[in-house]
Visitor: 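I am attaching a structure below and will ask some questions about it afterwards.
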Amino acid sequence: MDPERKDRRPRSVAIIMDGNGRWALRRGMERIRGHVRGASRVREILAAALESGVEYLTLFAFSTENSKRSEEEVAALMGLLRKYIRSETPRLVEAGIRIRFIGNRSRLDPRLQTLTRWIESQTAHNRKLNVTVALYYGARDELTRAARKIAKAARAGDLEPDAITEDVLADNLDTAGLPDPDLVIRTSGEIRISNFLLWQSAYAEFVFVKTEWPDFTAEQFRRILDVYAARDRRFGRVSGASG
Ligand code: IPE
Ligand code: IPE
Ligand code: MG
């Protein structure tokens, strides 16, 4: 890669980790086996993100709408998450990885709520890589909750409606303080957003790959960063223009 391109690394990457169920079904296994294998891919991708100089990584782990799946699948996913947090926390602390969660935490069971707070506090001082896990997350739900918070502030007289700017809205989202994704990756061949980071990805670059999440590798992640580096981001302006 030429040196100029090398600097065009995304600072913030978000991944829609999709295709676990199909991966398992194609092998004659239950969907849950796909989730188990999918969870085991995360460690390698975190390491690849760290090595590549990515500063922020957001992982879509469970959507608001995923709660409509069978009770068995939802319970298995939540169980996996608990297990993952318990077993990975020491490694994450050591690797300098900070973990945060976005989404409607009140919908998590109380034990998991406690665990998510715990891992956030255990890793709060880490700076090498900021990982945000989207759990019970839906962008429409996030925007609705933000609207509610803003309306309450306005009613209380703490905020003039005319003072509501894009920044005020962004500051009331779950992602307040986090940079917007430069790059959004979706695995499994589906070409849609599925209610992920609607506001934040307004100017993100999108890369869709056919690989199902359980087969996604660090090598593929690095190749996608190269694809990103070759993109021309214009933000509504004209290519090459300085102002
Ligand atoms: C992604 O894989 C993980 C979650 C949504 C929790 P899926 O479970 O959506 O797998 P497919 O898309 O059905 O193959
Ligand atoms: C999006 O995938 C959510 C996650 C990857 C966690 P889905 O599998 O839920 O999305 P749809 O249903 O295919 O749109
Ligand atoms: Mg899916």
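All ligand and atom numbering here is 1-based and tracks the order in the structure. Here the structure is a predicted model, which is why all the values come from computation and not from measurement. Side chains included, hydrogens not; waters and symmetry mates left out as well; all remaining heavy atoms used.
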Visitor: So is Glu65 close enough to ligand 2, meaning a heavy atom under 4.0 angstrom away?
Guide: no
Visitor: Quick test of your reading of the model: are Asp18 and Arg186 salt-bridged, counting only N-O distances below 4.0 Å?
Guide: yes
Visitor: Checking Ser52 against Arg9: is there a side-chain donor and acceptor pair closer than 3.5 Å?
Guide: no
Visitor: Check the orientation of Phe60 and Tyr137. Use parallel for under 30°, tilted for 30 to 60°, and perpendicular for over 60°.
Guide: perpendicular
Visitor: Quick one: do the Asn20 and Glu212 side chains pair a donor with an acceptor below 3.5 Å?
Guide: no
Visitor: Which of the atoms of ligand 2 are close to Phe62, meaning less than 4.0 Å from one of its heavy atoms?
Guide: 6 (C)
Visitor: Which atoms from ligand 1 have a heavy atom of Arg22 less than 4.0 Å away?
Guide: 11 (P), 12 (O), 14 (O)
Visitor: Would you call Asp109-Arg82 a salt bridge at under 4.0 Å N-O?
Guide: yes
Visitor: Does ligand 2 have an atom under 4.0 Å from some heavy atom of Lys68?
Guide: no
Visitor: What I want to know is whether Asn66 and ligand 1 share at least one N or O pair that is separated by under 3.5 angstrom.
Guide: no
Visitor: Suppose we measure from atom 5 (C) of ligand 2 to each protein heavy atom; which comes out shortest, and what is that distance?
Guide: Met17 O, 3.5 Å
Visitor: Return a yes/no value for Arg186: is any of its N or O atoms, backbone included, closer than 3.5 angstrom to an N or O of ligand 2?
Guide: yes
Visitor: Is the shortest distance from a heavy atom of Glu190 to ligand 2 less than 4.0 Å?
Guide: no
Visitor: Look at atom 14 (O) of ligand 2 and say which protein heavy atom is nearest, naming residue and atom and giving the distance to 0.1 Å.
Guide: Ser194 OG, 2.6 Å
Visitor: Can we say Asp215 and Arg41 salt-bridge, meaning some charged N sits less than 4.0 Å from an Asp/Glu carboxylate O?
Guide: no
Visitor: Classify the side-chain pair Asn104/Ser106 by whether it contains a donor and acceptor separated by less than 3.5 Å.
Guide: yes
Visitor: Using a 4.0 Å cut-off to any heavy atom of Arg192, which atoms of ligand 2 qualify?
Guide: 11 (P), 13 (O), 14 (O)
Visitor: Quick check on contacts: which atoms of ligand 1 are under 4.0 angstrom from a heavy atom of Leu77?
Guide: 6 (C)
Visitor: Taking 4.0 angstrom as the limit, do Glu51 and Arg222 come out as a salt bridge?
Guide: yes
Visitor: With a 4.0 Å cut-off on heavy atoms, is His35 in contact with ligand 1?
Guide: yes
Visitor: State whether Glu190 contributes an N/O/S atom found under 2.8 Å from the Mg ion (ligand 3).
Guide: no
Visitor: Is any side-chain N of the basic residue among Arg145 and Asp174 closer than 4.0 Å to the acidic one's carboxylate O?
Guide: yes
Visitor: Any heavy atom of Gly19 sitting closer than 4.0 Å to ligand 1?
Guide: yes
Visitor: Nearest protein heavy-atom contact for atom 8 (O) of ligand 1: which residue, which atom, what distance?
Guide: Arg69 NH1, 2.7 Å
Visitor: For Arg100 and Tyr56, test the side chains for any donor-to-acceptor distance below 3.5 angstrom and give the result as yes or no.
Guide: no
Visitor: Please tell me if the side chains of Leu108 and Tyr136 come closer than 4.5 Å, counting only heavy atoms from C-beta onward.
Guide: yes
Visitor: Under 4.0 Å from atom 12 (O) of ligand 2, is there at least one protein heavy atom?
Guide: no
Visitor: Quick check on Ala61 - does any of its heavy atoms sit under 4.0 Å from an atom of ligand 1?
Guide: yes
Visitor: Below 3.5 Å, N or O to N or O, backbone or side chain included: is there any such pair between Trp23 and ligand 1?
Guide: no
Visitor: Considering only N, O or S atoms, which atom of Asp18 is nearest to the Mg ion (ligand 3)?
Guide: OD1
Visitor: Any N or O of Gly21 that comes nearer than 3.5 Å to an N or O of ligand 1?
Guide: yes
Visitor: Mark yes when over 12 heavy atoms from residues, nucleotides or ligands other than Glu30 sit less than 6.0 Å from its CD; otherwise mark no.
Guide: no
